[in-house]
Participant: 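Take a look at the following structure, please.
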Amino acid sequence: MRTNRAIRTPGGLSVRLDVRATAVVALILLAALTASVVLIGTGDFPIPARDVLKTLFGHGNAGQEFIVNELRLPRVLVGLLVGASLGLGGALFQAVSRNPLGSPDVLGLSQGATAGALTMIVLFSGSAAQITLGALVGGLVTGLAIYLLAWKQGVHGYRLVLVGIGVSAIVTAVNGYLLTRSTLTEAAQAVVWMTGSLSGRDWTQVWPLLWLCTVLVPLVLANGRGLRMMEMGDDVSNALGVRVERVRLLLLVAAVLLTAAATAAAGPVSFVALTAPQLARRLTRSPGPNLLPSLCMGATLLVTADWVSQKVFGADQLPVGVVTGVLGGVYLLWLLVTERRAGRI
């Protein structure tokens, strides 16, 4: 039985509050913050959680301030922002396509960003900034191509997924061709980037992601009601006053930007965008896209996976994309077995 409460402000506004979903979001945020503090203290020079907190509040010694603020904090912030962007982007794609497999990994956006990065690495021997720009452009171009190819008097979920799978196959083949054109050094650099990693991330990756999330997250959440109503069908949504194609286009553009920016910052980290919305929905037991829970779940998953990578295999020995791939694959197999036992597949 669900528990909902209506909160009324002195100005006459009324907001319906889902108590369980709010509690789940609070717990996920607490888990993300706890994992972040533990992750900052993990490395070749371990720092206790108490000292990490003291340093973050400006009361650490000079050595701790350098390690925490300059070396480890940017990496953790990039992980949080990348995970949040992928979780929110995955929730948007799944809601628009009305398909739990409608994530950037399946639709080809991650592969498109990879193609942009490989182009800069192989054809132009680009710098880190140029590779990031190439990944961002590649993701945006791929998203635009999928939208245009899926358009036929509007964009519908089934057609969007099918077109995305086709584009993904084409771009994957292009990526394979680019790797065959590369030298041994370029191929090694490309493979490391394609795995997805937070190693070596600094403040130059934090600020663009933070700015993008500051602009897009409120915009997406403000259109959450329209997105939820669209799950009843385009005709019903139009009758209720929702500008379906306008909202769908706006949210798809936001999802593409979030996914492309996350991929540009950390490489194509797999399965976070696919898994985070499903886990969030199962925890909240709430219908609808669960945008905010998915955002928080994505951030928690990525920083936790990075901590597991460093704790089990040592700092920088295993990219975080490998850990998320293994965990996401196990979750997907479990989901398929569960759905089969329930008779839904």
Participant: Taking all non-hydrogen atoms of both residues into account, name the closest pair between Leu198 and Ala266 and its distance.
Facilitator: CD2-CB, 3.9 Å
Participant: I'd like to know if the side chain of Thr195 and the backbone of Val191 have a donor-acceptor N/O pair within less than 3.5 Å.
Facilitator: yes
Participant: So if you build clusters from Ile, Leu, Val, Met, Phe, Trp, Tyr with side-chain heavy-atom gaps below 4.5 Å, do Leu251 and Val161 land together?
Facilitator: yes
Participant: Could you check whether any side-chain heavy atom of Ile40 comes within less than 4.5 Å of a side-chain heavy atom of Arg75, counting everything from C-beta outward?
Facilitator: no
Participant: Is any side-chain heavy atom of Leu274 closer than 4.5 Å to a side-chain heavy atom of Gln94?
Facilitator: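 Leu274 reaches Gln94 side chain to side chain.
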Participant: Indicate yes or no: at least one non-hydrogen side-chain atom of Arg72 is less than 4.5 angstrom from one of Phe66.
Facilitator: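 Heavy-atom side-chain distance check fails, nothing below 4.5 Å.
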Participant: Kindly work out whether a path of hydrophobic side-chain contacts (I/L/V/M/F/W/Y, heavy atoms less than 4.5 Å apart) joins Ile47 to Leu33.
Facilitator: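 In one cluster with Ile47: Leu33, no.
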Participant: Looking at every heavy atom in both Pro104 and Gly90, which two are closest together, and how far apart are they?
Facilitator: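 In this case the closest contact between Pro104 and Gly90 is CD-CA, 4.1 Å.
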Participant: Determine whether a donor-acceptor pair (N or O, by modelled atom type, separation under 3.5 Å) exists between the side chain of Glu186 and the backbone of Thr183.
Facilitator: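 It does hold such a pair.
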Participant: Can you tell me how far OG of Ser97 sits from CZ of Arg248, rounded to the nearest 0.5 angstrom?
Facilitator: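 Output value for this atom pair is 10.5 Å.
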Participant: CG/Leu88 to CG/Leu292 distance, rounded to the nearest 0.5 angstrom?
Facilitator: 9.0 Å
Participant: Using atom types as modelled and distance alone, determine if a side-chain donor or acceptor of Gln130 lies under 3.5 Å from a backbone N or O of Ser127.
Facilitator: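 Looks like yes, one N/O pair under 3.5 Å.
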Participant: How far does CG of Leu257 sit from CG of Leu212, to the nearest 0.5 angstrom?
Facilitator: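 It comes to 6.0 Å.
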Participant: To which residues is Val326 joined in a hydrophobic cluster, defined by side-chain heavy-atom contacts under 4.5 Å among Ile, Leu, Val, Met, Phe, Trp and Tyr, whether direct or through other members?
Facilitator: none
Participant: Taking side chain to side chain donor-acceptor pair (under 3.5 Å) as the test, write out the residues that go with Gln111, two or more places apart.
Facilitator: Ser168
Participant: Is the backbone N or O of Ala280 less than 3.5 Å from a side-chain atom of Asn290, with the two atoms forming a donor-acceptor pair by type?
Facilitator: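 Side chain of Asn290 to backbone of Ala280, a donor-acceptor pair under 3.5 Å: no, none is there.
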Participant: Which heavy-atom pair separates Thr263 from Trp193 by the least distance, and what is that distance?
Facilitator: O-CZ2, 3.4 Å
Participant: Of all heavy-atom pairs between Leu302 and Gly83, which one has the smallest distance, and what is that distance?
Facilitator: CD2-N, 3.4 Å
Participant: Before giving the answer on side-chain contact (heavy atoms from CB on, under 4.5 Å), spell out for Gln205 and Leu77 the whole-Å C-alpha distance, their side-chain angles and the decisive distance to 0.1 Å.
Facilitator: CA-CA 9 Å; Gln205 281 89 29; Leu77 290 177; over 6 Å; no
Participant: Linking I/L/V/M/F/W/Y whenever their side-chain heavy atoms sit closer than 4.5 Å, directly or via other members, would Ile170 and Ile146 fall into one cluster?
Facilitator: no
Participant: For the atom pair CD1 (Ile121) and CG (Leu178), what is the distance rounded to the nearest 0.5 Å?
Facilitator: 10.0 Å
Participant: Determine, step by step, whether Thr304 and Val323 satisfy the side-chain contact (heavy atoms from CB on, under 4.5 Å) criterion, reporting the C-alpha distance in whole Å, the side-chain angles of both residues, the deciding distance to 0.1 Å, and the verdict.
Facilitator: CA-CA 10 Å; Thr304 303; Val323 179; over 6 Å; no
Participant: Would Val76 end up clustered with Val38 when hydrophobic side chains under 4.5 Å apart are linked, directly or stepwise?
Facilitator: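 Yes, it is one cluster - the side chains of Val76 and Val38 are joined through contacts under 4.5 Å.
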Participant: Within this structure, what is the CZ-CG distance for the pair Phe93 and Leu252, rounded to the nearest 0.5 Å?
Facilitator: 6.0 Å
Participant: For the backbone of Ser199 and the side chain of Arg201, can you confirm whether one donor and one acceptor N or O come within less than 3.5 Å of each other?
Facilitator: yes
Participant: Would you say Leu133 and Met120 make side-chain contact, with heavy atoms under 4.5 Å?
Facilitator: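 Not touching, per the 4.5 Å side-chain cut-off.
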Participant: Is a side-chain N or O of Thr259 found less than 3.5 angstrom from the main chain of Val256, in a donor-acceptor match?
Facilitator: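 Pair absent, no side-chain N/O of Thr259 close to backbone of Val256.
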Participant: Please list, chain by chain and in numerical order, all residues satisfying side chain to side chain donor-acceptor pair (under 3.5 Å) with Thr204, sequence neighbours excluded.
Facilitator: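 Side chain to side chain donor-acceptor pair (under 3.5 Å) list for Thr204, sorted by chain: Asp202.
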Participant: Please examine the side chains of Leu123 and Arg181, heavy atoms only from C-beta on, and report whether any two atoms are closer than 4.5 Å.
Facilitator: yes
Participant: Check Thr300 against Ala31 and note the closest heavy-atom contact, atom names and distance.
Facilitator: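 Taking every non-hydrogen atom into account, CG2-CB, 4.1 Å.
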Participant: Is the shortest side-chain heavy-atom distance between Val82 and Leu209 below 4.5 Å?
Facilitator: yes
Participant: If only atom types and distance count, is the side chain of Asn223 paired as donor or acceptor with the main-chain N or O of Gly226 below 3.5 Å?
Facilitator: no
Participant: Is the shortest side-chain heavy-atom distance between Leu144 and Leu140 below 4.5 Å?
Facilitator: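 No, too far: nothing below the 4.5 Å cut-off.
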Participant: Of all residues at least two apart in sequence or in a different chain, which pass the side chain to side chain donor-acceptor pair (under 3.5 Å) check with Arg246?
Facilitator: none
Participant: With sequence neighbours excluded, what pairs up with Trp203 under the ring pair (Phe, Tyr, Trp, His ring centres under 6.0 Å) test?
Facilitator: Trp207
Participant: Look only at the side chain of Thr55 and the backbone of Asp51, and say whether a donor-acceptor pair between them is shorter than 3.5 Å.
Facilitator: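 Yes: the side chain of Thr55 pairs with the backbone of Asp51.
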Participant: side-chain contact (heavy atoms from CB on, under 4.5 Å), that's the test. Do Leu179 and Met194 meet it? Break it down for me.
Facilitator: CA-CA 11 Å; Leu179 283 175; Met194 291 169 62; 4.3 Å; yes
Participant: For residues Val220 and Leu291, determine if any side-chain heavy atom of one lies less than 4.5 Å from a side-chain heavy atom of the other.
Facilitator: yes
Participant: Gly79 and Val303: which non-hydrogen atoms are nearest, and at how many Å?
Facilitator: C-CG1, 4.1 Å
Participant: Ala260: what forms a side chain to side chain contact (heavy atoms under 4.5 Å, CB included) with it, not counting sequence neighbours?
Facilitator: Leu136
Participant: Kindly work out whether a path of hydrophobic side-chain contacts (I/L/V/M/F/W/Y, heavy atoms less than 4.5 Å apart) joins Val171 to Val122.
Facilitator: no
Participant: Please check: side-chain N/O of Thr324 versus main-chain N/O of Gly321, any donor-acceptor pairing under 3.5 Å?
Facilitator: yes
Participant: So, the side chain of Arg281 versus the backbone of Ala276: is there a donor-acceptor pair under 3.5 Å, distance only?
Facilitator: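 Side chain of Arg281 to backbone of Ala276, a donor-acceptor pair under 3.5 Å: no, none is there.
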Participant: Take Leu295 and Leu221 through the side-chain contact (heavy atoms from CB on, under 4.5 Å) test and state the conclusion after the steps.
Facilitator: CA-CA 11 Å; Leu295 180 151; Leu221 295 180; 6.0 Å; no
